[in-house]
Protein chains: 2
Amino acid sequence: MKTSLINYILKHITLSTEELEGFCNLFNQKDVKKKYFLMREGEVCKFEGFVTKGLFRVYHIDSNGFEQVLYFAQENWWITDIDSFTNETPSQLYIQALEDSEVLLISKKDKEFAYNNIPKIEKLFRIMTQKTHIALQQRMIDNLSKTADQRYLDFIEKYPNLFQRLTNLQIAAYLGISHEFLSKIRRKIASK
Amino acid sequence: MKTSLINYILKHITLSTEELEGFCNLFNQKDVKKKYFLMREGEVCKFEGFVTKGLFRVYHIDSNGFEQVLYFAQENWWITDIDSFTNETPSQLYIQALEDSEVLLISKKDKEFAYNNIPKIEKLFRIMTQKTHIALQQRMIDNLSKTADQRYLDFIEKYPNLFQRLTNLQIAAYLGISHEFLSKIRRKIASK
DNA sequence: ATCATTTATTGAACTTGTTCAATGTTTTGA
DNA sequence: TCAAAACATTGAACAAGTTCAATAAATGAT
């Protein structure tokens, strides 16, 4: 169902019923079972997706074979590799469902169609990109300024919901530390 | 002079002469001498700025008193704390000129006026935010996946121009390492 | 219910990066 | 132009985080 997308849109801009319907019809639902991939490294990202159910991780595999999580996306979050999608270059990222998930996808062509025919859509994506940029900026500051212990505590506080749904393996890959070290951090915290 | 702003705009969208002039007139030039501040922590960021001359650093002071550089902005780059500017919350950032600089500033009110009166301005800032987001995403991936040595080499390759204009102190604060350690990296590289 | 797989914990040795203090070099401003 | 300030380098001791290997606990598929 597209009600969650509609809610998201109306929270940010106002559209007429026809505009709303026209825009929403540009999205196609895709079901992605746990552990399946929406995209793999090397592919050009062909979509921008709005998660309606489940949870995804967007990650990179570095030259030592370690998986580094760029971000997680749960219900009402967007997923894409904005670099690959925008510039039509091969992605360095994998997007994988961590639970049985559903996502609404829009293609670049249809998104451009929307930009041209419903001017307010520019505003929607301007605001959306701005919000994700703010979140990433905050994470960058935290990664530069804080110790792993503190980043872990911050994560729990900021995303209690994700914390419940993720394994320590995934959280460590997001924090940028080994899962063994996360385990030691957890012990240290628990002993207080 | 506002020619560099005009060039920037026309590289991304097309505007009529009146629109272009109207929009550019919303910007006020400000001269900032070396070491002076455009903004300090605790203030609400009241502007979005386009650098026409010189070089700025946008940085955070962490709880240990260390300065961490979020980004540098030279000619034709934008500077703001997008979080503080958008949400009108106190900033955690300092913005300081590293050279005698000139910047064109637009206020939130005038920017909103432009959004409402020149729809294409939405597109301009959507594209601009997208580009800065892509750059930040890449930096995040690199920070998670690469060693300090490699990040330093990447920096030199990616921003040879900034490398020339910045001290090692500033580069270290951007790479997220101490300047002493950067010095050791430099020695190691030089000895090869 | 059970076996296989994935996830979590732990310790020891190691690597990367920090801290501090001292010294040398470059830049800047009066 | 020269003194002061800012920047850069170095070494030694230290702290944060990794790696590897072994084991325990939890989860999942049949």
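Every heavy atom of this structure was used, including side-chain atoms; hydrogens, water molecules and symmetry mates were not. Chain identifiers are assigned alphabetically (A, B, ...) following the order of the sequence lines, protein sequences preceding nucleic acid strands; residue numbering begins at 1 within each chain.
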Could you state the atom-to-atom distance from CZ of Phe163(A) to P of dA8(C) in whole Å? 10 Å
Short N-O contact, Lys146(B) and Asp142(B), less than 4.0 angstrom: yes
Ranking dT18(D), dA21(D), dA8(D) by distance to the side chain of Phe181(A), first place goes to dT18(D)
Report the distance from atom CD1 of Ile189(B) to atom C1' of dT9(D), rounded to the nearest whole Å. 15 Å
Quick one: is Thr147(A) getting a side-chain N or O under 4.0 Å of the dG17(D) phosphate, OP1 or OP2? yes
If I take atom CG in residue Leu182(B) and atom C1' in nucleotide dG17(C), what distance separates them, rounded to the nearest angstrom? 12 Å
Residue of the set Ile79(A), Ile82(A), Thr80(A) for which side-chain contact (heavy atoms from CB on, under 4.5 Å) holds with Glu48(A): Thr80(A)
Residue Lys158(A) excluded, over 12 heavy atoms near NZ under 6.0 Å: yes
Side chains of Glu122(B) and Tyr115(B), donor plus acceptor under 3.5 Å: no
Ignoring the backbone of Lys34(B), work out which of dT28(C), dT16(C), dT10(D) is nearest its side chain. dT28(C)
Among dG17(C), dT10(C), dA12(D), which nucleotide sits nearest the side chain of Lys184(B)? dA12(D)
Would you mind reading off the distance between Arg186(B) atom CZ and dT10(D) atom P, rounded to a whole angstrom? 10 Å
Roughly, in whole Å, what's the span from CD1 in Ile177(A) to C1' in dT15(C)? 17 Å
Using whole Å, what does the distance between atom C1' of nucleotide dA8(C) and atom OH of Tyr152(A) come to? 11 Å
Arg187(A) has its side chain closest, among dT9(C), dT10(C), dT10(D), to dT10(C)
Distance check needed: dT7(C) C1' versus Leu98(A) CG, whole Å only. 14 Å
With the side chain of Leu169(A) defined as its heavy atoms from C-beta on, choose the nearest nucleotide among dT6(C), dT9(D), dT7(C). dT7(C)
Under 4.0 Å between any heavy atoms, over every strand shown, what does Ser178(B) touch: base, sugar-phosphate, or nothing? Just pick one. base
Does any N or O in the side chain of Glu75(A) come within less than 3.5 Å of the main-chain N or O of Gly54(A), such that one atom is a donor and the other an acceptor? yes
Rounded to whole angstroms, how far apart are CG on Asn168(B) and C1' on dT10(D)? 14 Å
If you assign each of His179(B) and Arg151(A) to its closest nucleotide in DNA chain D, which residue comes earlier from the 5' end? His179(B)
